[in-house]
Peer 1: 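I have a structure I would like to understand better, so I am pasting it below and will then ask my questions one at a time.
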Amino acid sequence: MGRVHPCRRKFYEGHTLGFLGNLILTPSHHRVHHARNPLYMDTNFCNLLNVWDRVFKTYQPEQTQIAIEYGITRTINPKNFLDVYFGEFYYLGKDMIHAPGIKNKFLYLIMPPGWHHSGNHKLASVIRNEYIKSQTNEQNNFHG
């Protein structure tokens, strides 16, 4: 067992697997998948072969200058069992109750997180694209 740990530690210290790291899931890819940072939201879904993330344009490498923040986008009370395990169901139910019409209530069940019946969507893809656009604008202003 002791021989496995040095290898495992290398993964977590940012070392890659070279060419193989371009094909399979690495701890870095997994960290990005669980991050709530706007750049990392809804990325790296693969289970083993990250080639599928590249095909479906959901691949995002870890950026060393961006510290990973784990979790979901809303603030939760980590000491409250009900909030941690059932909070999302509570807020989904609340949204459904306040949605006008049966169609909108049903859509809350099948649409992605962040969808809103008013059209004011806060989907992960929208938040991510806004973040990327703001970073591009900042770089253009800095260099221009």
Peer 1: Are I97 and M111 connected, step by step, through hydrophobic side chains (Ile, Leu, Val, Met, Phe, Trp, Tyr) whose heavy atoms are closer than 4.5 Å?
Peer 2: no

Peer 1: With sequence neighbours left out, write down each residue that passes side chain to side chain donor-acceptor pair (under 3.5 Å) with N104, or none if nothing qualifies.
Peer 2: none

Peer 1: With sequence neighbours left out, what residues match E62 under side chain to side chain donor-acceptor pair (under 3.5 Å)?
Peer 2: S28, R31

Peer 1: Going by the rule side chain to side chain donor-acceptor pair (under 3.5 Å), which residues pair with E88 if we only count those two or more places apart in sequence or in a different chain?
Peer 2: R74

Peer 1: Find the distance between NE2 (H33) and CE (M41) and round it off to the nearest 0.5 Å.
Peer 2: 12.5 Å

Peer 1: For the CG atom of L109 and the CH2 atom of W115, what is their distance to the nearest 0.5 Å?
Peer 2: 10.0 Å

Peer 1: Minimum heavy-atom separation for Y131 and I66, please, with both atom names.
Peer 2: OH-CD1, 3.7 Å

Peer 1: With sequence neighbours left out, what residues match S118 under side chain to side chain donor-acceptor pair (under 3.5 Å)?
Peer 2: H116

Peer 1: Indicate yes or no for a side-chain donor-acceptor contact from N37 to the backbone of A67 under 3.5 Å, with no hydrogens or angles considered.
Peer 2: yes

Peer 1: Please tell me if the side chains of L25 and N50 come closer than 4.5 Å, counting only heavy atoms from C-beta onward.
Peer 2: no

Peer 1: Under 3.5 Å, side chain of N44 to main-chain N/O of H29, donor-acceptor pair present?
Peer 2: yes

Peer 1: Give a yes or no on whether I72 and F81 share a hydrophobic cluster (residues Ile, Leu, Val, Met, Phe, Trp, Tyr; joining criterion: side-chain heavy atoms under 4.5 Å apart).
Peer 2: yes

Peer 1: So do R128 and L39 actually touch side chain to side chain, heavy atoms under 4.5 Å?
Peer 2: yes

Peer 1: Would you say L20 and L48 are hydrophobically clustered, going by side-chain heavy atoms of ILVMFWY under 4.5 Å?
Peer 2: yes

Peer 1: What closest approach, in Å, do D83 and N77 show between heavy atoms, and which atom pair accounts for it?
Peer 2: OD2-N, 2.8 Å

Peer 1: With clusters defined by side-chain heavy atoms of hydrophobic residues (ILVMFWY) lying less than 4.5 Å apart, directly or transitively, does L49 cluster with F56?
Peer 2: yes

Peer 1: Under a 4.5 Å side-chain heavy-atom rule over Ile, Leu, Val, Met, Phe, Trp and Tyr, are M96 and I102 clustered together?
Peer 2: no

Peer 1: For H34, enumerate each residue passing the ring pair (Phe, Tyr, Trp, His ring centres under 6.0 Å) test, keeping only those at least two apart in sequence or located in another chain.
Peer 2: H30

Peer 1: For atom CG of N137, decide whether the heavy atoms of other residues, nucleotides or ligands shown that lie under 6.0 angstrom number more than 12.
Peer 2: yes

Peer 1: For the pair D42 (side chain) and A124 (backbone), establish whether a donor and an acceptor sit closer than 3.5 Å, ignoring hydrogens and angles.
Peer 2: no

Peer 1: Tell me every residue that passes side chain to side chain contact (heavy atoms under 4.5 Å, CB included) with T136, counting only those two or more places apart in sequence or in another chain.
Peer 2: I132, N140

Peer 1: Do the side chains of H117 and Y108 get nearer than 4.5 Å, heavy atoms only?
Peer 2: yes

Peer 1: As an exercise, state the distance from CZ of R54 to CG of N22, rounded to the nearest 0.5 Å.
Peer 2: 5.0 Å

Peer 1: Would you indicate whether F19, at its atom CZ, is surrounded by more than 12 heavy atoms from other residues, nucleotides or ligands within a distance under 6.0 Å?
Peer 2: no

Peer 1: Find out whether I68 and Y40 are in side-chain contact, i.e. whether some heavy atom of one side chain is under 4.5 Å from a heavy atom of the other.
Peer 2: yes

Peer 1: Tell me the closest heavy-atom pair linking P38 and I127, and the distance in Å.
Peer 2: CB-CG2, 4.0 Å

Peer 1: Determine whether more than 12 heavy atoms belonging to other residues, nucleotides or ligands lie under 6.0 Å from atom CZ of F45.
Peer 2: yes

Peer 1: K122 side chain to G114 main-chain N or O, any donor-acceptor pair under 3.5 Å?
Peer 2: no

Peer 1: Could you report the tightest heavy-atom contact between L123 and P113, atom names first, then the distance?
Peer 2: CD2-O, 3.4 Å

